[in-house]
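Taking it in order: structure first as structure tokens, then the write-up.
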Amino acid sequence: MRIIELTEETKKDILTDLLKRSPSNYGKYEQTVSEIVEKVKTEGDEAVFAYTKKYDNFELTPENIRVTREEIEEAYGQIDGELADVYRRAADNIRDFHAKQLRNSWFDARPDGTILGQRVTPIEKAGVYVPGGKAAYPSSVLMNIIPAKVAGVKQIIMTTPCNKEGKVNPGTLVAADIAGADMIFKVGGAQAIAAMAFGTRSIPRVDKITGPGNIFVALAKKAVYGHVSIDSVAGPSEILVIADETANPRYVAADLLSQAEHDELASAILITDSRELAKKVSEQVAVFTDELSRKEIIQKSLDNYGYILLVRDMEEAVAAANEIASEHLEILTKNPFDTMTKIQNAGAIFLGEYSSEPLGDYFAGPNHILPTNGTAKFFSPLNVDDFLKKSSIISYSREALEKAHKDIEAFAESEGLTAHANSVKVRFERS
């Protein structure tokens, strides 16, 4: 990995480089995605079937588009029983963590007859997209569906691509069954997003779409936003490690590569104030890369978006980390909890040498669907709140309104909205 002294100029160049990976910068694909979305919107199933034939080489029909119970049972027989148990244990951890995020409705009643409150209700239908291209991710199935189930969503629709035989990855199906998906459809790509956004004869329209995907999926989610809600327009995966001289270079190198193997656009960055550590990590990265199965992807990722940044001290390291606002942030320092208190922007923060990033990807419980491309400055991980909506409750007695009506009328009249003022004023007319 290249080792660079961090200056204002190099930081600016790196940030510019990283932002090139954002789906917002992939304009050349937008026309294609727009055409797919519009065709599915107007033609429904026929367009979905045609695009599935074109891109996945499978002949979909109304009879085979939905995964059957028999196919799910077959999937259980195709994976190791112990792996299914791992899925269940991970699901328990994810469920327990997200249950703590639940909010209750509340009401505040005052002596003068004022009642104010907030009613919290789940959305009715959630749509979950699960990738199935370069790799299948049962972990993403759990991370998307379980928060929706905890929130109380009535119906969860899942779409995922099938292979040319019409089969869905068995691990994906088992994870979906464990998590509690209500309906699973063999559709992938932008056409799946459009189908869930607008509905077809086969696929119900949903209220919100979540889940990661390739650039076509990301741009399709962007295109349908407003017709439905979405979680985010996610970019490629990224990891940033803050480490000092106490860090184990093998651990650091291994953790950097855990994200670099996702795809060629993934980013892996180490920020350290130790030149010796930087050198050792760079050497160990080369050793690991040569041993790992996805070494070609890893090498391209590192060549394009891999950096070891040398800083003067931890204060400068923290400042750079907050500016980059990484999806995953590992802190491998003498006192990681102290360093963590200075971090403002990160999707998920991993503290200490035994809290490697894959712990969050698979098992610990917090969600692994995280803000990317610097959006951790204003976005949060997927959570139960994403599947809830809040309604404000307002109830005033005559006594309570009488105390406030002149203020309300004055406010409305100052904005020139005399009908607003009148709707309050008429309640206190003298007959």
Side-chain angles (χ1 to χ4, degrees), residues 23 29-68 71-72 123-133 136-137 140-141 144-145 148 153-164 166-169 172-173 176 179-234 369 382 386-387:
Y29 300 112
E30 286 185 349
Q31 183 61 35
T32 300
V33 170
S34 179
E35 290 172 2
I36 293 172
V37 168
E38 187 59 32
K39 205 166 182 66
V40 172
K41 180 181 178 181
T42 55
E43 298 182 13
D45 274 356
E46 287 72 21
V48 171
F49 297 164
Y51 284 122
T52 301
K53 178 65 175 175
K54 179 178 180 180
Y55 294 120
D56 297 319
N57 201 28
F58 179 68
E59 199 82 51
L60 273 183
T61 68
E63 291 71 39
N64 67 16
I65 188 173
R66 183 175 171 183
V67 173
T68 64
E71 287 175 297
I72 294 172
I123 63 174
E124 188 173 339
K125 294 180 182 179
V128 173
Y129 184 83
V130 178
Y137 298 107
S140 287
V141 177
N144 276 279
I145 295 175
V153 175
K154 292 180 181 177
Q155 190 174 54
I156 299 173
I157 311 300
M158 188 180 106
T159 60
T160 189
C162 62
N163 63 20
K164 62 183 180 181
K167 298 294 185 180
V168 174
N169 178 273
T172 296
L173 290 184
D182 295 297
M183 303 170 77
I184 306 170
F185 294 95
K186 304 173 184 178
V187 182
Q191 59 271 25
I193 301 300
M196 290 191 285
F198 301 109
T200 71
R201 282 196 303 274
S202 298
I203 301 175
R205 183 186 185 281
V206 302
D207 302 307
K208 181 159 191 168
I209 299 172
T210 67
N214 63 17
I215 188 62
F216 294 96
V217 170
L219 289 174
K221 287 169 71 177
K222 183 179 176 183
V224 301
Y225 177 64
H227 298 283
V228 293
S229 178
I230 63 171
D231 51 351
S232 65
V233 181
I369 298 170
L382 189 71
D386 284 302
F387 301 97

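Counting from 1, the numbers follow the sequence of the chain as shown.
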#### Entry: Distance, nearest 0.5 Å, that separates CD1 of I193 from CD1 of I230
9.0 Å
### Query
Rounded to the nearest 0.5 Å, what separation is found between the CD1 atom of I184 and the SG atom of C162?
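It comes to 13.0 Å.
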#### Entry: Sole candidate of N144, I156, V153 that passes side-chain contact (heavy atoms from CB on, under 4.5 Å) when paired with F387
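Output: one option passes, namely V153.
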[X]: which residues meet the side-chain hydrogen bond (donor to acceptor under 3.5 Å, both in side chains) condition with it, sequence neighbours left out?
X    : result
K39  : E43
T200 : D45
K125 : none

Can you name the salt bridge (Lys or Arg N to Asp or Glu O under 4.0 Å) partners of [X], sequence neighbours left out?
X    : answer
K167 : E74
E35  : none
E38  : none
E124 : none

### Query
Got a sec, which pairs hit side chain to side chain donor-acceptor pair (under 3.5 Å) with one end in residues 180-192, sequence neighbours left out?
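Applying side chain to side chain donor-acceptor pair (under 3.5 Å) to every pair that reaches into residues 180-192, excluding sequence neighbours, yields E71-K186.
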### Stepwise side-chain contact (heavy atoms from CB on, under 4.5 Å) test for V141 and M158
CA-CA 9 Å; V141 177; M158 188 180 106; 4.1 Å; yes
### Task
Could you check if a side-chain atom of I157 sits within less than 4.5 angstrom of a side-chain atom of F185, using non-hydrogen atoms only?
yes
### Task
Please answer whether the main-chain N or O of G211 pairs with a side-chain N or O of K221 as donor and acceptor at a distance below 3.5 Å.
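The answer is yes, because a donor-acceptor pair under 3.5 Å joins these two groups.
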### Query
Within the side chain of N57, is there an N or O that forms a donor-acceptor pair under 3.5 Å with the backbone of N163?
no
### Query
Among all residues two or more places apart in sequence or in another chain, which pass the side-chain contact (heavy atoms from CB on, under 4.5 Å) test with D386?
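Result, side-chain contact (heavy atoms from CB on, under 4.5 Å) vs D386: K208, L382, N383.
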### Message
Show every salt bridge (Lys or Arg N to Asp or Glu O under 4.0 Å) that has at least one partner inside residues 191-200, sequence neighbours left out.
### Response
none
### Message
Please list all pairs meeting salt bridge (Lys or Arg N to Asp or Glu O under 4.0 Å) that have one or both residues in residues 50-64, counting only residues at least two apart or in different chains.
### Response
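Of all non-adjacent pairs touching residues 50-64, those that pass salt bridge (Lys or Arg N to Asp or Glu O under 4.0 Å) are K53-E59.
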### Query
Does anything in residues 193-218 pair up under ring-ring contact (aromatic ring centres under 6.0 Å, His included), and if so which pairs, sequence neighbours excluded?
Y29-F216, F198-H227
